[in-house]
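Just so you know, ligand 1 is whichever comes first in the structure, and atom 1 is the first atom listed for that ligand.
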Amino acid sequence: MEPKKRIFSGIQPTGTLTLGNYIGALRNFKLLEDEYDCVYSIVDMHALTVRQNPTALRKACLTVMSLYLAVGLDPDKSLIYFQSHVPQHAELSWVLSCYTYMGELNRMTQFKDKSARNADNINAGLYTYPVLMAADILLYKADLVPIGADQKQHLELSRDVAERFNKVYGDVFVVPDAYIPKVGGRVMSLQEPTRKMSKSDPEDTYIAMLDEPSAIRKKLRRAVTDSENAIRFAPENKPGVSNLMSILSTLRGITLDEVASLYDGKGYGVFKDAVADAVIETLAPIQERFRRFNSDKAYLEEVMTHSARRAEAIAAKTMAKVRRKVGLAATRL
Ligand code: ATP
Ligand code: LTN
């Protein structure tokens, strides 16, 4: 039997995860779990690119880990660990930064956005962030990387760096493919539906995975739509309605056409309530499992330690090869 292909993905432990994180990434982590050999990281070192309160960061790491488990990821099948527990991420990141051009990093739109938002702290980590992401992926020789559409540019950079490195040193890295959902790859803000839903924006613009049902319904009822009163998928002209249609389509497993034929003519109130029902029904069992996992610190500790050990074994092998190829002393003291 062919060995399973490998998946790598990561989520930053910054603030609370949103419905965008769920639909764009986390949901697919679970859907792909049986078919692939999966490595899922809580990328805590990436979080340091913006100022964090240390206590809040530590707590957020456990929250994200509990959410990974709450969506149903099985730690016997998938590795679920903290990036900073495996030192090879930082090690490979340095090496790869010597194979990444400033011209490439200058083009990264997330860097431009985040620098605009954090004008008082445009640090070098924010700039080299995509190199660390490339290291994450390439260390595990991942074939596939489930991400939201906003990460496509970073994934392309990872591919370019891998190809560049391989051209010089032979086939060291696997060139990874992105897995971006066709519908739901970019869940939009509820208040400004031309921007992506982001946990760094005000509360009423996003649904948090841990929001109470009443808050979810309220936020969706207030979501910006338009005055046409037609349920039709047209992201350019009707971004608000199209966003809600995408959410309903992914969560209910029906096509956009089916959403339109089910709800067109019924009015936005009915439609928004249907979206709220789908979101609440999806998140309620996840929230219940979340509470159980999050209060069992011993179990979380066991999963993170066990996974980090196994992750490090894979990462150390890749790193040893990289060291050999580039001419660093072959063994670590
Ligand atoms: P921020 O909201 O602060 O920009 P983020 O949510 O983009 O941060 P992560 O938490 O690391 O950063 O994102 C984890 C995953 O969720 C990534 O794969 C990202 O592409 C995906 N994701 C984030 N926001 C959305 C969204 N609105 N729609 C779809 N996928 C998303
Ligand atoms: N940059 C990603 C998070 C991330 C990631 C990764 C995703 C860090 N390393 C490796 C996939 C694979 C983001 O969503 N902000």
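By the 30° and 60° cut-offs, the orientation of the rings of Y169 relative to Y99 is perpendicular. Y81 and F8 have perpendicular rings, their planes meeting at more than 60° on a 0 to 90° scale where under 30° would count as parallel.
The distance from ligand 1 to the heavy atoms of G148 drops below 4.0 Å at these ligand atoms: 18 (O), 19 (C), 20 (O), 21 (C), 30 (N). Of all atoms in ligand 2, numbered sequentially from 1 with element shown, those under 4.0 Å from a heavy atom of F8 are 10 (C), 12 (C). Which parts of ligand 1 touch R186 is read off a 4.0 Å heavy-atom cut-off, strictly below it: atoms 28 (N), 29 (C). Close approach of ligand 2 to Q12 is summarised as follows: ligand atoms under 4.0 Å from at least one heavy atom of the residue are 15 (N). Distances below 4.0 Å separate heavy atoms of V145 from the following atoms of ligand 2: 11 (C), 12 (C). For ligand 2, the atoms lying closer than 4.0 Å to a non-hydrogen atom of I147 are 7 (C), 11 (C). In summary, the atoms of ligand 1 found under 4.0 Å from a heavy atom of I147, numbered by their order in the structure, are 18 (O). Annotation for ligand 2: atoms under 4.0 Å from non-hydrogen atoms of I137 are 10 (C), 12 (C). Here is the list of ligand 2 atoms found below 4.0 Å of a heavy atom in V43: 8 (C), 9 (N). Close approach to G185 involves these atoms of ligand 1, each under 4.0 Å from a residue heavy atom: 28 (N), 29 (C), 30 (N). Ligand-side atoms of ligand 1 in range of S198: 1 (P), 2 (O), 3 (O), 4 (O), range being under 4.0 angstrom from any heavy atom.
Applying the side-chain hydrogen bond (donor to acceptor under 3.5 Å, both in side chains) test between Y268 and each of D273, D226, N229 identifies D226 as the sole match.
Other residues, nucleotides and ligands contribute at most 12 non-hydrogen atoms within 6.0 Å of the NZ atom of K218.
The N/O atoms of Q151, backbone and side chain alike, include one that comes under 3.5 Å of an N/O atom in ligand 2. Checking only distances, K199 does come within under 3.5 Å of ligand 1, N or O to N or O. Between M197 and ligand 1, at least one N/O pair is under 3.5 Å apart. At least one N or O atom of S200 sits closer than 3.5 Å to an N or O atom of ligand 1. Residue D136 places at least one N or O, backbone or side chain, under 3.5 Å from an N or O of ligand 2. The distance criterion of under 3.5 Å between nitrogen or oxygen atoms is met by Y129 with respect to ligand 2. Note: an N/O pair closer than 3.5 Å links D150 and ligand 1 by distance alone.
With contacts defined as side-chain heavy-atom distances shorter than 4.5 Å, the pair Q110/Q151 qualifies. Between F173 and L96, the closest side-chain pair of non-hydrogen atoms falls below 4.5 Å. Put simply, the side chain of Y140 does not reach to within 4.5 Å of the side chain of P176, judged on heavy atoms. F29 has its side chain within reach of Y68: a pair of non-hydrogen atoms, C-beta onward, lies under 4.5 Å apart. Side-chain atoms of V174 and R6, non-hydrogen and from C-beta on, never get closer than 4.5 Å to each other. Residues L220 and L190 meet the side-chain proximity criterion, which asks for heavy atoms closer than 4.5 Å.
Residue N21 places a heavy atom under 4.0 Å from ligand 1. Ligand 1 is approached by I11 to a heavy-atom distance shorter than 4.0 Å.
Under the 3.5 Å distance criterion, the side-chain polar atoms of Q287 are matched with a main-chain donor or acceptor of M209. D44 contributes a side-chain N or O that, together with a main-chain N or O of S84, makes up a donor-acceptor pair within less than 3.5 Å.
The same ILVMFWY cluster, assembled from side-chain heavy atoms under 4.5 Å apart, contains both F82 and L73.
At a heavy-atom distance under 4.0 Å, only side-chain atoms of A25, from C-beta outward, approach ligand 1. Neither the backbone nor the side chain of L155 has any atom closer than 4.0 Å to an atom of ligand 2 (non-hydrogen atoms only). Both the backbone and the side chain of Q12 come within contact range of ligand 1, each with a heavy atom under 4.0 Å. Here L132 has no heavy atoms under 4.0 Å from ligand 2, in either its backbone or its side chain. When heavy-atom distances to ligand 2 are checked against a 4.0 Å cut-off, I11 has no atom that comes that close, whether in backbone or side chain. At a heavy-atom cutoff of 4.0 Å, ligand 2 is contacted by no atom of Q83, backbone or side chain. At a 4.0 Å heavy-atom cut-off, ligand 1 touches V187 through backbone and side chain alike.
Nearest to atom 17 (C) of ligand 1 by heavy atom, out of R117, K114, Q151, is Q151.
With hydrogens left out, the protein atom closest to atom 3 (C) of ligand 2 is G10 O, 3.7 Å, a heavy atom. In terms of protein heavy atoms, atom 4 (O) of ligand 1 is closest to K196 NZ, 3.4 Å. Nearest protein heavy-atom contact of atom 31 (C) of ligand 1 is G20 O, 3.4 Å.
Here E203 pairs with K219 in a salt bridge; the nearest charged N to carboxylate O distance falls below 4.0 Å. For the pair R186 and D150, the salt-bridge criterion is not met [side-chain N within less than 4.0 Å of a carboxylate O].
Nearest approach of I147 to A178, heavy atoms of both residues: CD1-CB, 4.0 Å. Across all non-hydrogen atoms, the minimal contact from V241 to A230 is CG1-O, 4.0 Å.
For the pair K199 and Y206, the cation-pi test (distance below 6.0 Å, angle within 45°) is failed.
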